[in-house]
Amino acid sequence: MIHITLPDGTVNEYAAGITCAEVITDALGKKHGCLAAKVNGVECDMSRVLNENCSVEGILSDSEEGIHILRHSAAHLLAQAVMELYPGALPTIGPAIDRGFYYDFAMDPITEADLKTIQKKMHELARKNLTVERVELDQEGLREHFINNPYKIEIIDDKLEAGDGSTVYKQGDWYDLCLGPHVPNTSRLMFSRLTSVSSAYWRGDQDREQLVRIYGLVEPTKEALKATLHRMEEAKKRDHRKLGKDLQLFHIDEEVGQGLILWTPRGAIVRQELQDFISYHLRRQGYAQVFTPHIGKLDLYRTSGHFPYYQDSQYPPLVERDLMNKLADEGCTCGDLSNMMKSGEIEGYMLKPMNCPHHVKIYASQARSYRNLPLRLAEFGTVYRWEQSGEISGMTRVRGFTQDDAHLFVTEEQLAQEVLGCIELVQIIFDKLGMEDYRVRVGLRDPDSTKYVGDPARWDKAEEACRAAAESLGVAWSEEEGEAAFYGPKIDFVVKDVIGREWQLGTVQVDYNLPERFDLTYKGSDGELHRPVMIHRAPFGSMERFCGVLIEHFAGRFPTWLTPTQCHIITISEKHKAYAQQVADRLKDAGVRVEVDDGDDTVGKKIRTHRKLQPAYMVILGDGEMEQETVSLRARSGDQIADIPLEQFVADLRNEIDSKVSQPALVPPSEA
RNA sequence: GCCAACGUAGCACAGCUGGUAGUGCGUCUGAUUUGUAAUCAGACGGUCGGGGGUUCGAGUCCCUCCGUUGGCUCCA
């Protein structure tokens, strides 16, 4: 007999050889709904046989672990379906991911249309209620099983080399290499949906085979699947690319160029408001505003290292016309030109890929003393990078963007305090915008690598400063070894978009390299020259990406202070035109952004039209309002409030704008 | 850059197996003067992403380039 401890603390006695499934059924009844179990806290199959005293706990599909197992099992089912339909395909790997699962196959490309067929097959297999069995095999057995699949053999070899065993899972005639655990039978996988097909490289290595990757979703119940699909539909509606068009915030024109954002008047207002807000806090924190041009000499970027190291992700250099003509006459090829630029034989200009070299030159333009440090130079600096064409997307990945950039030149002693100051700004602004759902990555050096510049003792101090700064934010943060830049540790801020993709917004980076490369110095209190440390920081990354993320965060319904038009005035009839103009003028005088619609559409029609632009408020003006000098307000929710004295409205609205509240609040929500 | 799908009026879309472009919204012009999510009528608007090819004939088939989307890869 063995003793088994259940989650509620009771200890039951069973005959050795009992399975998890039997224990859980005994404890919770037949309809326990568990997908898998935990024995002494370790995940395992329901079929696990128990021979010793232990604790047993069921895993339900509504837990993090449960949904992960469900997804992983669904990936297996997908592979089984694909293998039945395409016997020539070779399955490779198929893990669970945050939003579902995928499986990679070595096979001829398939189309989205084929997904329907595969999905049908999956449902058919799920309905068969095949038992999912765990089969333990020795090394030779494993190899033999997968002898025709070089990908699986490669995984087996790796596993064995690492000293890990592996197992096989079998359902019907299909078996796959896997550590499990899995659901007990395929009927659990009834509610899956294949979402897309794309490609991936074997082991993420672009020099290796290209595989067909199929993505899917799975949920424990029909309702949950429906809810997930509905959520995805809703998420699409707040996609900044769609809203950007609907709300007339920005435009991308292929004739202008891929990944180049044209900020239209409404979007420009949002950006300007944000920049003003950021600038206000920069002044408070002692930053000095600078402006620098969009280009700089090639030699500058040779010194900084940007040209030699990041050539592939920059726009090609600009060469002077006379020189270009001369070289062309001499029969110079593009290859020759490139080589001559690399070697420094010829000069040219580069669109700046970063603002730091320009700022460094501002620092170096004067003799600096420890008394003037820290020097904090800030600029909304526009930079250009040659992002790969397949990567460009809306406002979140572009080729020209404006960083909310600044460079701090500090002494070694000031470093920790200044890093903290950078973080403070991020906190203020994220708080104001109600962005709580972000995570922080602290990139540290890999202690085994030699690629890092600078003294290890200074690195230790800088890394500690970054950790402390991250800690001060009070949100989830993680240390990531080996993720530091070669020139210093960094702190990154990462947010998710509506589709669940992660984007890096801001970054704070310590840099020992550039001061060295440009031989920057300051005179210390000891009368000697010292090397400053630089901090690069762009808390929001770029205005483009940040605004893109903000559009989605607010679903286009910006707070009153940010929204392009704060108040739309709508007249009931022609008689009210003059009063509408009077109200508009009064609001404009108070610095409110107003739009007037005194056209001859019906009131309902005008409201419908203006709703699409999501102003904070609509003001409806008719006889009553005109006579009493009042306004009727309509909120985005459709809630209304009538007969507010004009002057009171102007004052309240002004106050709401100035206080930068997260959402319009002048109209109380109705009871109904 | 790689794989797949897609690209038809300002926007959202229809156009079956090839027979020479349609709908709704928007815009404009009339009429209507309206009280909180679509008043009515008319008009304008497209060399069907660009180029090349097959064909008597191409929005539809083929090639190529550009762009978009979803991934992969990369990211100072």
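All figures in this text were calculated on a predicted structure; none of them were measured in a lab. Chain letters run A, B, ... following the sequence lines, proteins first and then strands; every chain starts at 1.
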When you get a sec, tell me which of C2(B), U73(B), A76(B) is the closest nucleotide to the side chain of Ser199(A)?
C2(B)

Compare the minimum distances between each of C74(B), A76(B), U34(B) and the side chain of Gln388(A), then state the nucleotide with the smallest one.
C74(B)

Whom does U27(B) pair with, Watson-Crick or G-U wobble, provided both distances fall under 3.5 Å?
A43(B)

Rounding to a whole Å, what distance do you find between Arg213(A):CZ and C2(B):P?
19 Å

Between Gly622(A) and Glu254(A), name the one whose nearest nucleotide on RNA chain B is closer to the 5' end.
Gly622(A)

Among U34(B), G71(B), A37(B), find the nucleotide with the atom closest to the side chain of Ile607(A).
A37(B)

First encountered from the 5' end of RNA chain B, between Arg385(A) and His576(A)
His576(A)

Counting side-chain heavy atoms from CB outward, which of C74(B), C66(B), U69(B) is closest to Glu391(A)?
C74(B)

Nearest of A38(B), G70(B), G35(B) to any side-chain atom of Arg608(A)?
A38(B)

Give one of base, sugar-phosphate or nothing for Ser196(A), where a contact means two heavy atoms less than 4.0 Å apart.
sugar-phosphate

Which nucleotide, A76(B), C74(B), G71(B), lies nearest any side-chain atom of Pro353(A)?
A76(B)

Is it the case that atom OH in Tyr309(A) sees more than 12 heavy atoms from other parts of the structure closer than 6.0 Å?
no

N/O donor-acceptor pair, side chain Glu625(A) with base G35(B), under 3.5 angstrom:
yes

Asp600(A) has its side chain closest, among U73(B), U33(B), G70(B), to U33(B)

Report the base-pairing partner of G22(B) (Watson-Crick or G-U wobble, both distances below 3.5 angstrom), or none.
C13(B)

Which nucleotide wins on minimum distance to the side chain of Ile392(A), given the candidates G1(B), U68(B), G35(B)?
U68(B)

Any idea which of U33(B), A76(B), A37(B) is nearest the Arg634(A) side chain?
A37(B)

Aromatic ring pairing Tyr103(A)/Phe105(A), orientation class (parallel under 30°, perpendicular over 60°, tilted between):
parallel

Counting side-chain heavy atoms from C-beta on, which of U36(B), G1(B), G71(B) comes nearest to Gln210(A)?
G71(B)

No-H, no-angle donor-acceptor pair, Tyr102(A) side chain to G70(B) base, under 3.5 Å:
no

